[in-house]
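Inspection log for the structure reproduced underneath, given as C-alpha cells.
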Amino acid sequence: MKKRILSLSLLSAMAVSLFSCNNNEQDQLVSNVTVSARAIAVNAPGPNQRTINGATFVTMDVGLRDVGLLEQGDQPNAAKTISNGPHHFRLMRNTAPQTEQIGSAQIRHGEFDRLAVRLDRNQSFGVDGSDGTSLFIVGSVNDRDLHIFTTAETVLSVDADGGPYSITSDEQLYLNVDMNTLFTGINFNDATDGNGDGTIEIEPDNVDGNAALYQQIMGNLPSAVSLTRE
C-alpha cells in the first residue's frame, strides 16, 4: 500500500512539474515584431501634388519616442518596448508619403491591443522654424507658404485596428498617420497670415490668428493615427 501511495505521489509530482515546464516554455516563446511609421494621404486631382482641403503638402516630419506594445489590461507603464527613441521621421517627402522603420524587438507571445507612443519635441527637422517641434508640416495655400506645427509631447494610445492582435510569430505592424483625417473639418482657405511675414502658420502660439484651425487639427490627431498589421 505504501508503495502504491508513493507511486501515485511521484506521478502527481511529475505531472505538476511537466505542466509547469510547459507553461514556462509557453511564457518564454518570443517573436520578432517590427513597427514602422507611414503617412497616408488621398489627394485631390492634380499632377504630382498632394492637395487636401485647398492646401498642397510637401513634407511632414515627426519626432517620436517611448514606442511600445500593450497587452490587454496593461497600464501604459507596462508597454513592451519596441524603441525608446528619440527618432525623427520624414513621413512625406516631395509630396510623396513615406514609410520609415521605428524599431524591432523580441516580444513574448500574447494578445496585444494597443501601441503607446509619445511625440518628441527635442528635434531639428532641418526646416526653418522647426527647432523644438514634435510635428512639422510644410505646404502651400493660395500661393503662400504654409507651416503647421506643434511643440506638444502628446502620449498617444493607438488601438490595434481589428484587434487585439495575437502575436505568435514574426509580425510587421504599421503606425499610420492619415493626413485626410488629420485635416477633417479644415478649410485651408480660411487660414490667414496675420503677421504679414509671407508664411501662413498654424501653431500653438497663434502668431497668425489661426488658433481655431490649430485646435481642430490637434483634436483630430488621436483619430488620425492608427495601428495595422501587414
In terms of heavy-atom contacts, Ser83 and Gly103 come closest through CB-CA, 4.3 Å
Apply side-chain contact (heavy atoms from CB on, under 4.5 Å) to the pair Leu173 and Phe112, showing each step before the final yes or no. CA-CA 12 Å; Leu173 303 179; Phe112 296 87; over 6 Å; no
When every non-hydrogen atom of Ala41 is compared with those of Met92, the smallest separation belongs to CB-CE, 4.3 Å
Strictly by modelled atom types, are Thr34 and Gln172 linked by a side-chain donor-acceptor pair under 3.5 Å? no
Should we count CG of Asp128 as having more than 12 external heavy atoms under 6.0 Å? no
For Tyr174, check ring pair (Phe, Tyr, Trp, His ring centres under 6.0 Å) against everything at least two apart and list the hits. none
With a 4.5 Å cut-off on side-chain heavy atoms, are Thr81 and Val67 touching? no
Do Tyr214 and Asn206 touch side chain to side chain, with heavy atoms closer than 4.5 Å? no
Is any side-chain heavy atom of His87 less than 4.5 Å from a side-chain heavy atom of Arg65? no
Ignoring hydrogens, what is the shortest heavy-atom contact between Asp66 and Arg118? Give both atom names and the distance. OD2-NE, 3.5 Å
So that I can tick it off, tell me whether Arg229 and Glu171 are bridged by a salt bridge, with the cut-off set at under 4.0 angstrom between side-chain N and carboxylate O. yes
The test is side-chain contact (heavy atoms from CB on, under 4.5 Å); show your working for Arg114 and Val158 and say whether it passes. CA-CA 5 Å; Arg114 288 162 293 149; Val158 185; over 6 Å; no
Show, in sequence, the C-alpha distance, side-chain angles and deciding distance for Ile148 and Glu203, and conclude whether the side-chain contact (heavy atoms from CB on, under 4.5 Å) test is met. CA-CA 6 Å; Ile148 302 168; Glu203 43 70 53; over 6 Å; no
Are the side chains of Lys80 and Glu71 in contact, using a 4.5 Å heavy-atom criterion? yes
Does Ile137 belong to the same Ile/Leu/Val/Met/Phe/Trp/Tyr cluster as Leu221, with side-chain heavy atoms less than 4.5 Å apart forming each link? yes
Indicate yes or no: does Asp61 engage Arg90 in a salt bridge with an N to O separation below 4.0 Å. yes
Suppose clustering is done on Ile, Leu, Val, Met, Phe, Trp and Tyr with side-chain heavy atoms closer than 4.5 Å. Which residues sit in the same group as Val127? Phe125, Phe136, Val138, Phe149
Any idea which heavy atoms bring Leu91 and Ala37 closest together, and the distance? CD2-O, 3.6 Å
Does the Asp178 side chain pair with the main chain of Thr181, one donor and one acceptor, at a distance under 3.5 Å? yes
Does one side chain, of Thr56 or Ser140, offer a donor that lies under 3.5 Å from an acceptor on the other? no
Pair Asn176-Thr228, side chain to side chain donor-acceptor pair (under 3.5 Å): steps then yes or no: CA-CA 8 Å; Asn176 308 292; Thr228 56; 3.0 Å; yes
Within a strict 4.5 Å, meaning less than it, do heavy atoms of the Met179 and Ile52 side chains meet? yes
The test is side chain to side chain donor-acceptor pair (under 3.5 Å); show your working for Asn32 and Gln106 and say whether it passes. CA-CA 5 Å; Asn32 190 69; Gln106 294 288 308; 3.2 Å; yes
